[in-house]
Amino acid sequence: QVQLVESGGGLVQAGGSLRLSCAASGRTFTSYAIGWFRQAPGKEREFVAAIDWSGYYTIYTDSVKGRFTISRDNAKRTVYLQMNSLKPEDTAVYYCAAGRVRGTSQKEYDYWGQGTQVTVSS
């Protein structure tokens, strides 16, 4: 089993940057792919980015390509989401999740964190 805790959210102006962290506990962390999802007010939760267990393979939704970077440090049991050139439409609660495959569907992830709020002002 894996427990996940997100941190690093906050309020930032448009064009600014934030780095989210997803800290994991559990001996099997390195066996899992990690995904980031987000949910804006009044909208469904959507896929943002994912990384495989090795950190070598990544995937992004089109709206964040070139602006967001996902990475992981297995020794620290932490996955990061570096977010640059933030836009007001990036405002959402960001969740990390652990799953056996590096997928884009929520159904492919078994464990979820509680989320961290990101607010981008214009």
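All residue numbers in this chain count up from 1 along the given sequence. Because only heavy atoms are used, hydrogens play no part in the values below, and waters and symmetry mates are left out as well, while side chains stay in.
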Sorted by chain and residue number, the side-chain contact (heavy atoms from CB on, under 4.5 Å) partners of A14 (sequence neighbours excluded) come out as P88, V120
Suppose the criterion is ring-ring contact (aromatic ring centres under 6.0 Å, His included): which pairs have a residue in residues 53-73, not counting sequence neighbours?
none
Using the rule that Ile, Leu, Val, Met, Phe, Trp and Tyr join whenever any side-chain heavy atoms are under 4.5 Å apart, tell me whether V12 and M83 fall into a single cluster.
yes
Look up atom OG1 in T119 and atom CG in L11, then write down how far apart they are to the nearest 0.5 Å.
6.0 Å
Is it true that a side-chain atom of E6 and a backbone atom of C96 form a donor plus acceptor pair closer than 3.5 Å?
yes
Can you list every salt bridge (charged side-chain N to carboxylate O under 4.0 Å, His left out) pair that touches residues 101-114, not counting sequence neighbours?
none
Would you list the pairs meeting salt bridge (charged side-chain N to carboxylate O under 4.0 Å, His left out) in which at least one residue belongs to residues 69-89, sequence neighbours left out?
none
Tell me which pairs pass disulfide bond (SG atoms under 2.5 Å apart) where either residue lies in residues 49-79, with sequence neighbours left out.
none
Rounded to the nearest 0.5 angstrom, the CG-CZ distance for L86 and R67 is 6.5 Å
Scan residues 57-89 for pairs that pass disulfide bond (SG atoms under 2.5 Å apart), counting only residues two or more places apart or in two chains.
none
Give me each pair satisfying ring-ring contact (aromatic ring centres under 6.0 Å, His included) with a member in residues 79-104, each pair once, sequence neighbours excluded.
none
Give every residue pair that meets the salt bridge (charged side-chain N to carboxylate O under 4.0 Å, His left out) criterion with at least one member in residues 51-60, sequence neighbours excluded.
none
Would you list the pairs meeting ring-ring contact (aromatic ring centres under 6.0 Å, His included) in which at least one residue belongs to residues 18-44, sequence neighbours left out?
Y32-Y111, F37-F47, F37-Y109, F37-W112
Among residues two or more places apart or on two chains, list those pairs meeting salt bridge (charged side-chain N to carboxylate O under 4.0 Å, His left out) that have a residue in residues 55-64.
D62-K65
Donor-acceptor list for residues 15-22 side chains, cut-off 3.5 Å, not counting sequence neighbours:
residue : atom : partner : partner atom : Å
S17     : OG   : N84     : OD1          : 2.9

With a cutoff of under 4.5 Å between side-chain heavy atoms, which Ile, Leu, Val, Met, Phe, Trp and Tyr residues group with V5?
none
